[in-house]
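The model shown is predicted, which means the values in this text are computed figures rather than measured ones.
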Amino acid sequence: LTFSFINNSIFVELLGLASVCIEANLAVPQILKNFKNKSTKGLSYGMIACWTLGDLFKTTYFLFKSQPFQFIACGLFQLCTDLTVVSQIMMYKESKRKVEV
């Protein structure tokens with residue numbers, strides 16, 4: 001399909017938008033699972049740190065290199081999802097402490 005429409009700029013732009021939107025939503029299932037379980041048990045904190053740093057550097061690059069808006073918007077969304085996971089880690093860790101006391 002891509003080969004057939006490679007010269008169609010609308011198709012190429014929509015394909016690019018779809019790909020950055022899919023990538024931007026990678027953390028959403030993890031957020032929902034954490035919320036449902038009220039726990040981040042088994043979650044790699046190192047992985048979340050790498051996600052967050054990678055998305056921060058990527059978004060900063062997009063901003064400084066004046067990349068198209070969809071890259072910047074998706075990068076900012078990814079940072080929000082990363083920070084949501086980080087906040088869940090802190091929140092569920094704190095609620096676990098209260099239960100143990």
Side-chain angles (χ1 to χ4, degrees):
L1 189 62
T2 302
F3 182 74
S4 299
F5 292 102
I6 196 68
N7 293 321
N8 182 323
S9 63
I10 293 173
F11 174 81
V12 171
E13 289 298 321
L14 288 174
L15 182 63
L17 180 61
S19 68
V20 295
C21 287
I22 289 168
E23 183 190 2
N25 283 287
L26 287 176
V28 172
Q30 185 65 55
I31 291 169
L32 296 174
K33 180 181 177 189
N34 295 344
F35 179 75
K36 179 183 174 193
N37 295 335
K38 303 289 188 236
S39 172
T40 56
K41 183 178 180 181
L43 187 62
S44 169
Y45 298 156
M47 180 189 67
I48 299 304
C50 288
W51 272 3
T52 306
L53 286 174
D55 292 338
L56 178 65
F57 293 145
K58 177 176 59 179
T59 304
T60 302
Y61 174 82
F62 291 158
L63 286 166
F64 281 111
K65 290 295 186 173
S66 301
Q67 295 299 305
F69 174 74
Q70 64 263 33
F71 289 99
I72 297 167
C74 287
L76 292 172
F77 181 78
Q78 283 177 288
L79 282 172
C80 289
T81 59
D82 296 341
L83 294 176
T84 300
V85 173
V86 170
S87 69
Q88 286 179 325
I89 289 169
M90 294 184 324
M91 183 172 58
Y92 297 138
K93 187 176 182 179
E94 184 64 32
S95 65
K96 183 179 177 183
R97 280 190 206 148
K98 288 179 182 176
V99 171
E100 290 176 357
V101 174

Any donor and acceptor pair, going by atom type alone, linking the side chain of Q88 with main-chain N or O of T40 inside 3.5 Å?
no

Check whether any side-chain heavy atom of F5 lies under 4.5 Å from a side-chain heavy atom of I10, and answer yes or no.
no

Quick one: pull up NZ in K93 and NZ in K41 and give me the separation to the nearest 0.5 Å.
15.5 Å

Among the clusters formed by ILVMFWY side chains lying less than 4.5 Å apart, do M47 and L32 turn up in the same one?
no

Distance from I22 atom CD1 to L17 atom CG, nearest 0.5 Å?
9.5 Å

Is there a side-chain contact between T81 and W51 in this structure, where contact means two heavy atoms from C-beta onward sitting under 4.5 Å apart?
no

Approximate separation, where rounding is to 0.5 Å, of I72 CD1 and T59 OG1
9.0 Å

Run the numbers on L43 and V85 for side chain to side chain contact (heavy atoms under 4.5 Å, CB included), then give the verdict.
CA-CA 10 Å; L43 187 62; V85 173; 3.8 Å; yes

Give, for atom CD1 of I48 and atom CD1 of I89, the distance between the pair rounded to the nearest 0.5 Å.
5.5 Å

Are there more than 12 heavy atoms of other residues, nucleotides or ligands under 6.0 Å from atom CZ of F11?
yes

With a 3.5 Å cut-off and no angle check, do the side chains of Q78 and D82 form a donor-acceptor pair?
no

Does F35 have K33 sitting over its ring (NZ/CZ under 6.0 Å from centre, angle to axis within 45°)?
no

The side chain to side chain contact (heavy atoms under 4.5 Å, CB included) partner of T60 among F62, F57, F64 is F64

Strictly distance-based, threshold 3.5 Å: is any side-chain N or O of N25 a donor or acceptor partner for the main-chain N or O of V28?
no

Heavy-atom nearest pair, S39 first then Y92, reads N-CD1, 3.7 Å

What distance do C50 atom SG and Y45 atom OH have between them, rounded to the nearest 0.5 Å?
15.0 Å

Quick one: do V12 and V20 end up in the same hydrophobic cluster if we chain Ile, Leu, Val, Met, Phe, Trp and Tyr together by side-chain heavy atoms under 4.5 Å apart?
no

Quick check for you: to the nearest 0.5 Å, what is the distance between F71 atom CZ and K58 atom NZ?
10.0 Å

